Amino acid sequence: MTAEPGTGHAPHVLVVDDDPSIRRALERGLRLAGYHVSLAPDGARALELIAPAPPIVPAAPPAPALDPQVVVLDVAMPGVSGIEVCAALRARGAETPVLMLSARDETADRIAGLESGADDYLVKPFDLRELDLRLRALLRRRPAVGAHEPVLRVGPVAVDVAAHVATCHGAALELTRREFALLEVFTRNPGLVLTRDQLLDRVWGYDFDVRTDVVDTFVSYLRRKLEANGRPRVLHTVRGVGFVLRASGGLG
């Protein structure tokens, strides 16, 4: 991989990890894989780099901000944790894809990372080739700039892909990037039962073995938001098969 698809430029990744040896290893490996790499030693520095604070002296020029296309973010860091960094980025409206790194393969940790707005989660130690594949999948699924297409509608659900806005019964839905991508896939396939493997392929883009329980986790998050304030269920489970978005009615 030498360039981001369709740009001719090396994709820019920000690596955030408090372990110097891991930062060096990731910087070397990702550069060899064709990425432009920036580094941050902790969460506070990462937030400073991505969204610098205004200068104290009004006449001073503002510090230049990084604009990475994807962030590799360690979960357990002193001070500001990776989960806090991701949550802060999402609170600021940043949609940059985030891949979390963790030394622990605990369900609670993975859920906490995903709930903070992370797009993916990788447990240490890992193969650099797998990290590369996951980063490429995240880069392929970034919202297209200047894309124009009709609003997708299924019953009370409307998805404006270009504006990155989704509503249900006219109420705006506050969705993470991954939840939005999942809802977009469902609205493009109304009434069709999609398996977990299909959803992994279309939303996560993996061509290697990963846990399908992440699909159930995100469907649960999405369903909770669709059904907020007593709205009727439109996203249904077909037991033993997968999930389906129906305009109305159905079981699951």
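Given the structure is predicted, the values throughout are model-derived calculations rather than measurements.
Scanning all heavy atoms of the two residues, the minimum distance from L139 to P11 falls at CD1-CB, 3.6 Å. Of all the heavy atoms in G43 and V85, the pair that sits closest is CA-CG2, 3.4 Å. Pairing each heavy atom of R153 with each of A158, the nearest pair is NH1-CB, 3.5 Å. Across every non-hydrogen atom of S102 and V75, the tightest pair is CB-CG2, 4.0 Å. Here the closest non-hydrogen pair linking R188 and V161 is NH2-CG2, 3.8 Å.
With a 4.5 Å cut-off on side-chain heavy atoms, F243 and L182 do not count as touching. Side-chain contact between V154 and L152: absent, with no pair of heavy atoms (C-beta onward) separated by less than 4.5 Å. Counting only heavy atoms from C-beta outward, the side chains of R136 and Y35 approach each other to under 4.5 Å. Looking at V37 and L26, their side chains never come closer than 4.5 Å, going by heavy atoms from C-beta outward. Inter-residue side-chain proximity for L49 and S38 is flagged as unmet; no heavy-atom pair is nearer than 4.5 Å. Residues L245 and P190 have side chains not in contact (no heavy-atom distance under 4.5 Å, counting atoms from C-beta outward). The side-chain heavy atoms of Y221 and L175, taken from C-beta on, include no pair separated by under 4.5 Å. Side-chain contact between V214 and Y121: absent, with no pair of heavy atoms (C-beta onward) separated by less than 4.5 Å.
In this structure, H12 and H36 have tilted ring planes: the angle between them lies in the 30° to 60° band.
In this structure, the separation between CG on D120 and CG on L101 is 9.5 Å, given to the nearest 0.5 Å. A distance of 5.5 Å separates CG in L128 from CG in L30, rounded to the nearest 0.5 Å. For the atom pair CE (M100) and OG (S81), the distance works out to 7.5 Å, reported to the nearest 0.5 Å. Between the CG atom of L183 and the CG atom of L173 there is a distance of 7.0 Å, given to the nearest 0.5 Å. Atom CG of residue L14 and atom CD of residue Q69 lie 12.0 Å apart, to the nearest 0.5 angstrom. Atom CG of L89 sits about 12.0 Å away from atom CD of E84, to the nearest 0.5 Å.
R231 places a side-chain N or O within 3.5 Å of a backbone atom of K225 that can act as its donor or acceptor partner. In this structure, N189 contributes its side chain and L192 its backbone to no donor-acceptor pair below 3.5 Å. Using modelled atom types, one side-chain atom of Q198 and one backbone atom of T195 make a donor-acceptor pair closer than 3.5 Å. Of the possible donor and acceptor atoms, one in the side chain of R178 sits under 3.5 Å from a partner among the backbone N and O of V203.
A salt bridge between R90 and D119 is present, with a side-chain N of the basic residue lying under 4.0 Å from a carboxylate O of the acidic one. For the pair K124 and D19, the salt-bridge criterion is not met [side-chain N within less than 4.0 Å of a carboxylate O].
The residue from I50, L138, V71 that alone fulfils the side chain to side chain contact (heavy atoms under 4.5 Å, CB included) condition with T96 is V71.
By the ring-ring contact (aromatic ring centres under 6.0 Å, His included) test, F180 pairs with H164, sequence neighbours left out. For R45, the salt bridge (charged side-chain N to carboxylate O under 4.0 Å, His left out) partners two or more places apart in sequence, or in a different chain, are E48.
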